[in-house]
There are 2 protein chains.
Amino acid sequence: MSNILIDMKQVGEIIREKREEKGWLLRHLAAELDIDQALLSKIERGERKATKEQIQKFASVLNLKKDELMLQYLSENIAYEIVEEKNASDILHVAEDKVEYLRKQDKRK
Amino acid sequence: MSNILIDMKQVGEIIREKREEKGWLLRHLAAELDIDQALLSKIERGERKATKEQIQKFASVLNLKKDELMLQYLSENIAYEIVEEKNASDILHVAEDKVEYLRKQDKRK
DNA sequence: ATTGATTTGTCTATATTTGTCCAATATACT
DNA sequence: AGTATATTGGACAAATATAGACAAATCAAT
């Protein structure tokens, strides 16, 4: 089930919207995550990337679905990684085959 | 046009096969790339990742198609990045949408 | 057993990423 | 206008990840 509206939102925007919806200041959310508020500001504006662990915390503190936020996060990272490659979608399709293949191999061990 | 036979081969294997086909020793190919032969050995066995620049050199020194080798390299990297995620293929599909979206946005500027 | 090829393990250098601090700017209120 | 509060920008420091170098160990062939 894909959701184009959510999917095109960047992780930072999702976080900022949810934070503002709750009426929290940067420093409040930053304290919850135990990071500098300047860093949070940058994450929300997409100037810096969050870590995987931070994404988990964001989800639990902001009542966002962990899996959904992580999906956005990981796919966003990959998108930036290959957006400059002319054959980006080929790369992704081959990657998908490779994942499947790697998993089959893994099971054998 | 996908090629399941090639696609499931790891970059290291492709390189090793081509090197052996040419009858070159590790030290020969390593010298061409100006890297330690121990490092090349690791790359061929998949213990280490090559850099993007090295992939280009491999292609030109070994008469491999640059685009094709780079496709394998990049997709392999992505596959390893997410193979542990249960929803890997969702991630890749969303990433594909995001790439498209990012490109459209970029054009506007 | 010796030689040549490859692999393993470890250690260092370098690059990249992540985080903090503080100053600058923006926003809102009187 | 001035002041208080919130956010952002930029320089730096700390932490982590990656790449490379080297020596020693293993393997393969004769």
Side-chain angles (χ1 to χ4, degrees), chain A residues 10-62 69-70 72-85 109, chain B residues 10-62 69-70 72-85 95:
Chain A
Q10 314 216 174
V11 169
E13 301 179 69
I14 297 173
I15 291 168
R16 173 153 293 189
E17 281 173 18
K18 199 72 178 175
R19 173 175 66 80
E20 291 180 338
E21 188 184 312
K22 289 186 178 281
W24 292 356
L25 298 176
L26 279 172
R27 67 157 174 268
H28 181 167
L29 180 53
E32 294 278 348
L33 289 244
D34 193 33
I35 57 174
D36 193 297
Q37 67 174 27
L39 178 55
L40 175 56
S41 166
K42 285 163 193 169
I43 290 170
E44 287 187 348
R45 286 170 297 116
E47 190 185 317
R48 289 285 188 93
K49 267 178 23 182
T51 65
K52 237 174 161 182
E53 292 66 36
Q54 287 163 350
I55 293 295
Q56 312 261 17
K57 287 197 197 172
F58 278 125
S60 68
V61 169
L62 293 173
L69 192 62
M70 191 59 73
Q72 296 305 322
Y73 171 74
L74 293 170
S75 57
E76 187 174 309
N77 289 351
I78 290 175
Y80 279 114
E81 212 173 310
I82 58 165
V83 67
E84 305 295 345
E85 307 291 333
K109 289 166 193 169
Chain B
Q10 316 218 177
V11 169
E13 302 180 69
I14 297 172
I15 291 169
R16 172 151 295 187
E17 282 173 17
K18 200 71 178 175
R19 174 176 65 81
E20 291 180 338
E21 189 183 311
K22 290 188 178 278
W24 291 356
L25 298 176
L26 280 173
R27 68 157 173 268
H28 180 168
L29 180 54
E32 293 278 347
L33 290 243
D34 193 32
I35 60 173
D36 192 304
Q37 67 173 30
L39 179 56
L40 175 56
S41 166
K42 285 166 189 171
I43 290 170
E44 286 187 349
R45 283 171 302 111
E47 190 185 318
R48 288 282 187 96
K49 268 178 20 182
T51 66
K52 237 174 160 180
E53 293 67 35
Q54 286 162 351
I55 292 296
Q56 312 261 19
K57 287 198 197 172
F58 278 125
S60 68
V61 169
L62 293 173
L69 192 63
M70 191 58 74
Q72 295 306 321
Y73 172 75
L74 293 170
S75 57
E76 188 174 309
N77 290 351
I78 291 176
Y80 279 115
E81 211 173 310
I82 58 166
V83 66
E84 306 293 347
E85 307 293 331

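A, B, ... follow the sequence lines: proteins, then strands. Residue 1 opens every chain.
Atom NE2 in B:His28 sits roughly 18 Å away from atom P in C:dG4 (whole-Å rounding). Taking atom CG of B:Leu40 as the reference point, atom P of C:dT8 lies 14 Å away to the nearest angstrom. Protein atom CD of B:Glu20 is 14 Å distant from nucleotide atom C1' of D:dA28, rounded to whole Å. One can place CD of B:Glu44 at 15 Å from P of C:dA5, the figure rounded to the nearest angstrom. At whole-Å resolution of the value, CG in A:Leu26 and P in C:dT20 are 14 Å apart. Between B:Leu25 atom CG and D:dA28 atom C1' there is a gap of 13 Å when expressed in whole angstrom units. As a whole-Å value, the separation of A:Leu33 CG from C:dG19 P is 10 Å. One atom, CD of A:Gln37, and another, P of D:dT8, lie 10 Å apart when rounded to the nearest Å.
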Trace of the side-chain contact (heavy atoms from CB on, under 4.5 Å) decision for B:Lys22 with B:His28: CA-CA 11 Å; B:Lys22 290 188 178 278; B:His28 180 168; over 6 Å; no

Stepwise, does the side-chain contact (heavy atoms from CB on, under 4.5 Å) test hold for B:Val11 with B:Lys49? CA-CA 9 Å; B:Val11 169; B:Lys49 268 178 20 182; over 6 Å; no

Hey, mind stepping through B:Glu76 and B:Gln10 against side-chain contact (heavy atoms from CB on, under 4.5 Å) and telling me if it holds? CA-CA 7 Å; B:Glu76 188 174 309; B:Gln10 316 218 177; 3.7 Å; yes

Applying side-chain contact (heavy atoms from CB on, under 4.5 Å) to A:Leu40 and A:Leu33, what does each step give before you reach the verdict? CA-CA 9 Å; A:Leu40 175 56; A:Leu33 289 244; 5.9 Å; no

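B:Ser41 has no side-chain polar atom (N or O) that falls below the 4.0 Å cut-off from OP1 or OP2 of C:dT6. Within the structure, a side-chain polar atom (N or O) of B:Arg19 is placed less than 4.0 Å from OP1 or OP2 of C:dT6. Phosphate proximity of C:dT8 to B:Arg45: present, with a side-chain N or O under 4.0 Å from OP1 or OP2.
Within the 4.0 angstrom heavy-atom criterion, only backbone atoms of the sugar-phosphate kind lie near A:Glu47; the bases stay farther away.
The pair B:Arg16-B:Glu13 fails the salt-bridge criterion, with no side-chain N (NZ, NE, NH1 or NH2) lying under 4.0 Å from an Asp/Glu carboxylate O. Between B:Lys52 and A:Glu85, at least one side-chain nitrogen of the basic residue sits less than 4.0 Å from a carboxylate oxygen of the acidic one, meeting the salt-bridge criterion.
The only member of A:Arg45, A:Glu44, A:Gln37 that meets side chain to side chain donor-acceptor pair (under 3.5 Å) when paired with A:Ser41 is A:Arg45.
Within 6.0 Å of the CD atom in A:Glu20, the count of heavy atoms belonging to other residues, nucleotides or ligands exceeds 12.
Counting heavy atoms from C-beta outward, B:Leu29 and B:Ile15 have side chains that approach closer than 4.5 Å.
Across its full length, the helix from C:dA1-D:dT30 to C:dT30-D:dA1 shows an angle of 30° between the axes of its 5 terminal pairs at either end, rounded to 10 degrees.
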With 3.5 Å as the limit, what N/O pairs link the protein to nucleotides 18-23 of chain D?
residue	atom	partner	partner atom	Å
D:dG20	OP2	B:Gln54	NE2	2.9
D:dG20	N7	B:Arg48	NH1	3.0
D:dG20	O6	B:Arg48	NH2	2.8

